[in-house]
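Report on one structure; see the data block that follows.
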Protein chains: 2
Amino acid sequence: MPEKEPSQAREDKGTNSTGAVTTGKSLRADARRNRERILDVATKVFATEGLEVPIDEIANRAGIGIGTVYRHFPTKEELIEAVVFSFKQRLIEKAREMLEQDPGQAFFHFLSLIVREGTGNKALIAALARSGADIRRPLSGISLDFQNALGELLNCAQQAGSVRNDIQVTDITAILFGVMRTLEYNDDSGLAERILLVVRDGLRGHC
Amino acid sequence: MPEKEPSQAREDKGTNSTGAVTTGKSLRADARRNRERILDVATKVFATEGLEVPIDEIANRAGIGIGTVYRHFPTKEELIEAVVFSFKQRLIEKAREMLEQDPGQAFFHFLSLIVREGTGNKALIAALARSGADIRRPLSGISLDFQNALGELLNCAQQAGSVRNDIQVTDITAILFGVMRTLEYNDDSGLAERILLVVRDGLRGHC
DNA sequence: AAAAAAACGGAACCATTACTCCGTTTATTA
DNA sequence: TAATAAACGGAGTAATGGTTCCGTTTTTTT
């Protein structure tokens with residue numbers, strides 16, 4: 001009698017080039033549902049309350065056991081990464097779209113967009129912090145993609161003379177990081193506007 | 001027979017208007033020595049390693065028991081306040097001195113000074129963060145003094161036309177906070193220079 | 001120098017949080 | 001629908017870090 005073997009060689013979860021987990025067909029129905037739900041809740045909670053919210057809290061709000069959360073995302077870090085990933089992905093997409101516009105406009109519009117979206121979204125701020133905090137650490141995956149997208153906008157703007165030349169992408173990331181951090185505790189959009197004004201004029205340079 | 005009474009009504013520790021603990025004569029010799037030592041060590045450790053360093057660590061490095069630290073500073077918060085206080089005090093003094101200079105110069109020199117001193121000093125960054133993070137919360141004590149000192153420099157600079165007029169002190173505090181935070185993880189002074197350049201030009205305004 | 005007061009030291013306590021383990025439940029398969 | 005595999009849930013574990021308590025030591029007073 002032939003040995004029992006896994007009835008159908010289920011395809012494994014894999015990771016695509018960008019680092020996102022490709023949700024293959026291999027998950028059981030309830031599992032896929034739960035995974036989705038966790039991600040949903042985590043995204044909202046992280047955005048409104050910050051990354052320090054304990055996993056238990058997220059599990060509770062999702063109406064799901066802690067163990068389940070950990071099966072899907074073996075560490076808190078990985079859950080955060082997953083959430084952060086989609087935020088960055090969306091921004092990258094926006095950046096690409098903007099490349100159509102006038103170079104100077106594009107760059108500054110992108111900055112505005114980030115600031116606007118970031119105001120009041122602690123998860124997004126953290127996402128940017130993760131690629132902007134320590135600019136010496138080489139990036140990879142989605143963070144690198146993001147930096148490249150931003151870099152392209154910057155380059156174009158510089159070539160068009162809309163942004164000073166003595167500035168690099170990493171400087172922008174760093175500045176962005178600072179602005180975000182400031183806005184983390186001040187969701188006043190008036191402040192955001194004024195800071196953006198200063199940054200904008202400063203980036204144009206030589207008065 | 002008369003009841004025993006405290007031989008000498010020792011003067012109590014009090015707090016002066018700025019919030020600093022006035023070290024009266026009431027402390028025993030070893031106590032005063034220890035208090036000083038704790039403050040010294042804490043200042044250095046907080047500066048180089050940040051405020052997250054546990055109290056135990058500070059006690060150990062000072063060669064003093066944990067209990068002793070807590071007798072002098074009933075909560076970690078109070079120890080931090082004490083450290084932060086002296087940093088701010090020094091900055092305020094500098095600000096006053098600078099008022100002598102040309103208004104525009106004074107203001108920008110002060111910004112440079114803070115950035116220079118802040119680069120690599122996590123305690124100082126935290127000190128500024130504490131008065132700049134949430135600009136809606138009304139300040140008091142030393143933080144208010146600091147804001148006022150900064151405000152005075154700003155006012156003069158604005159009246160002299162060296163700084164744009166659509167900006168308030170709290171905006172400066174916020175910007176400063178952001179810059180500091182950025183530099184917290186990047187002690188590269190080149191980056192500091194470039195960011196300062198952008199901020200400076202941005203604050204001058206209307207190109 | 002003895003008594004009283006002040007200060008010391010650090011083990012123990014408590015709260016928080018990330019993460020594990022395993023008995024139970026649910027989905028899938030045959 | 002019974003057997004099997006997959007996934008679930010949450011009590012329990014471990015590490016961390018702030019704070020308290022109290023027996024011991026040091027300083028000050030008489």
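In what follows, chains are A, B, ... by sequence order, proteins preceding strands, each numbered from 1. Reckoned from all heavy atoms, side chains included, excluding hydrogens, waters and symmetry mates.
Taking atom CD1 of residue Ile38(A) and atom C1' of nucleotide dC8(D), one finds them 11 Å apart after rounding to whole Å. Here dC8(D) presents its C1' atom at 9 Å from NE2 of His72(A), a figure rounded to the nearest Å. Atom pair Ile58(B):CD1 and dG10(C):C1' shows a separation of 17 Å (rounding to whole Å applied). Between the CZ atom of Arg33(A) and the C1' atom of dC8(D) there is a distance of 12 Å, given to the nearest Å. For the pair Arg71(B) CZ and dC22(D) C1', the computed distance is 11 Å after rounding to whole Å. Whole-Å rounding puts the Asn60(A) CG to dA11(D) C1' distance at 14 Å.
Remark: Arg61(B) engages Glu57(B) in a salt bridge, criterion side-chain N to carboxylate O under 4.0 Å. Between Glu184(A) and Arg181(A) there is a salt bridge, since a side-chain N of the basic residue sits under 4.0 Å from a carboxylate O of the acidic one.
Nearest nucleotide to the side chain of Leu27(A), out of dA27(C), dT26(D), dA7(D): dA7(D).
Both Asp30(B) and Gly63(A) sit near DNA chain D, but only Gly63(A) has its closest nucleotide nearer the 5' end. Each of Ala31(A) and Ala29(B) was assigned the nucleotide of DNA chain D with the nearest heavy atom; the assignment lying further toward the 5' end belongs to Ala31(A).
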Kindly determine whether Phe46(B) and Val84(B) satisfy side-chain contact (heavy atoms from CB on, under 4.5 Å), including the steps that lead there. CA-CA 10 Å; Phe46(B) 283 155; Val84(B) 155; over 6 Å; no

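Checked by distance alone, Arg28(A) brings no side-chain donor or acceptor within 3.5 Å of a matching partner on the base of dA27(C).
The CZ atom of Arg96(A) sits 10.0 Å away from the CZ atom of Phe110(A) when rounded to the nearest 0.5 Å. Within the model, atoms CG of Leu154(B) and CD of Gln147(B) stand 10.5 Å from one another, a figure rounded to the nearest 0.5 Å. Here the CE atom belonging to Met98(B) is positioned 8.0 Å from the CG atom belonging to Leu153(B), to the nearest 0.5 angstrom.
Regarding contacts with the backbone of dA7(D), every side-chain N or O of Thr68(A) stays at 4.0 angstrom or more from both OP1 and OP2. Taking 4.0 angstrom as the limit, Asn34(B) places a side-chain polar atom (N or O) nearer than this to OP1 or OP2 of dC8(C).
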When every nucleotide of nucleotides 15-20 of chain D is labelled 5' to 3' by its protein contacts under 4.0 Å (heavy atoms), B for base, S for sugar-phosphate only, - for none, what sequence of letters results? ---SBB

